[in-house]
Amino acid sequence: MQNPKSKSLLPWLDVLALLAWGGLLLRYWITGQLRLLIHPNYFWLVLVTGIALLILGALKGGQLLADWRKRGNNFQEKETVQHMTLLPPGVGSGVLVATALAGFLIAPTVLTSQAALQRGVTESLPITRSQPQSFRATTRPEERSIVDWIRTLNAYPEPDAYAGQPVKVTGFVVHLPHLSDNYLLISRFIITCCAVDAYPVGLPVKLESSRNNYPPDTWLEIEGEMMVETLPQHEQTMKETTAQKRQLVIAAKSLKKIPTPADPYSY
């Protein structure tokens, strides 16, 4: 049984939850960390929600403070309508406060090559997923990003049509276990809603040296030209397979390590 004083403090926990979450959402927006969490189309919604939570928290806090002063620091509770709850009073608000504090202490991070391997890197846009921006032909092949190349292949999937075209792309390194040591995958994540549903796409890169010189998650700017090679296919079961496929490959002529971009995802 809660004493009246502790019971009267529970509404302040609700205020703290509102202010904490409003502050966290605004912090993500101000620092630009929202780019690591959701699609830019929803930035405005986060901003409006953060402001609304702060206003609600301030209003509720003001109301509680006015009631407290009116009662002269008397912690007697008003009679309230009884209702069923699954959790004890204050537990839900406490969880929300703890989660918000964790958000302040733990910064969001960029999805890694390990996440790409777990989710399955592809060189096509899966039809079961929401499609990103509509395909737009680019007049100069070297101006295409990785995602532009994937969209191009999705629209016109014959790899020989692009052989010999110049290419200049940026992305992070993934080491595919079924490819030999002189191949790596240059990849980007595409976000359709938030980081939870982000999926990786990428293209194989043929190197003149070992891929061990470019560890996983290293961001590279790669220049070269397109070529077509027959490569072994990835099996989700990770069993040995002799299945092979002719596909578009970047023959790298220049590889330059670059910092992780402030906006690492595509849309």
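Since the model is a prediction, treat every value here as computed from it, not as a measurement.
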Closest non-hydrogen atom pair, I51 against L26: CG1-CD2, 4.1 Å
Common cluster, L25/I55, ILVMFWY with side-chain heavy-atom separation under 4.5 Å: yes
Audit row: V249, M226, side chain to side chain contact (heavy atoms under 4.5 Å, CB included) steps and yes/no: CA-CA 6 Å; V249 174; M226 289 300 188; over 6 Å; no
pair T170-P261: side-chain heavy atoms closer than 4.5 Å: no
Check: H175 side chain, Y214 main-chain N or O, donor-acceptor pair, under 3.5 Å: yes
Minimum-distance pair of heavy atoms, taken over all atoms of S145 and V169: C-CG1, 3.9 Å
Within-4.5 Å side-chain heavy-atom neighbours: W149 and V147: no
Evaluation steps, side chain to side chain contact (heavy atoms under 4.5 Å, CB included), between Y42 and C194: CA-CA 9 Å; Y42 306 108; C194 63; over 6 Å; no
Lys/Arg N to Asp/Glu carboxylate O, K256 vs E221, below 4.0 Å: yes
Contact check, side chains of L231 and Q247, non-hydrogen atoms, under 4.5 Å: yes
Minimal non-hydrogen separation, A252 against I222, with atom names: CB-CG2, 4.0 Å
Closest heavy-atom pair and its distance - G61, W12: O-CH2, 3.5 Å
F172 CZ to T260 OG1 distance, which is reported to the nearest 0.5 Å: 10.0 Å
Heavy-atom side-chain proximity of Y28 to L36 below 4.5 angstrom: no
L45-L56 co-clustered via ILVMFWY side chain contacts under 4.5 Å: no
Pairing residues for T31 by the side chain to side chain donor-acceptor pair (under 3.5 Å) criterion, not counting sequence neighbours: Q33
Q165 and R144 side chains, donor-acceptor separation under 3.5 Å: yes
salt_bridge(R151, D148) N-O dist < 4.0 Å: yes
Distance in Å, I146 CD1 paired with S266 OG, rounded so as to fall on 0.5 Å steps: 7.5 Å
Validation row: F104, R27 side chains within 4.5 angstrom (heavy atoms): yes
Test side chain to side chain contact (heavy atoms under 4.5 Å, CB included) applied to D14 and K60, step by step: CA-CA 9 Å; D14 296 338; K60 186 173 179 61; 3.8 Å; yes
Distance, nearest 0.5 Å, that separates NZ of K257 from CG of L220: 7.5 Å
Side chain to side chain, L176 and L117, heavy atoms closer than 4.5 Å: yes
R211/S180 under side chain to side chain donor-acceptor pair (under 3.5 Å): CA gap, chis, key distance, verdict: CA-CA 9 Å; R211 65 185 180 189; S180 60; over 6 Å; no
Flag if over 12 foreign heavy atoms under 6.0 Å of CH2, W29: no
Shortest non-hydrogen contact between L185 and G202, atoms and distance: CD1-C, 4.0 Å
Straight-line distance of I191 CD1 to D197 CG, nearest 0.5 Å: 7.5 Å
Sub-4.5 Å side-chain heavy-atom contact between L248 and L153: yes
Reported CZ-to-CD1 distance for the pair F43 and I38, which is rounded to 0.5 angstrom: 5.5 Å
Test log, rule side chain to side chain donor-acceptor pair (under 3.5 Å), inputs S113 and D217: CA-CA 6 Å; S113 61; D217 300 318; 3.0 Å; yes
Single-linkage hydrophobic cluster V110~Y267, side-chain heavy atoms < 4.5 angstrom: yes
Any side-chain heavy-atom pair of D160 and R246 under 4.5 Å: yes
Lys/Arg-Asp/Glu bridge criterion (N-O < 4.0 Å) met for K253, E225: yes
Check against side chain to side chain contact (heavy atoms under 4.5 Å, CB included), Y199 and V121: CA-CA 8 Å; Y199 60 97; V121 192; over 6 Å; no
Closest non-hydrogen atom pair, W21 against L96: NE1-O, 2.9 Å
Gap between atom CG of L207 and atom CG of L184 - 0.5 Å precision: 4.5 Å
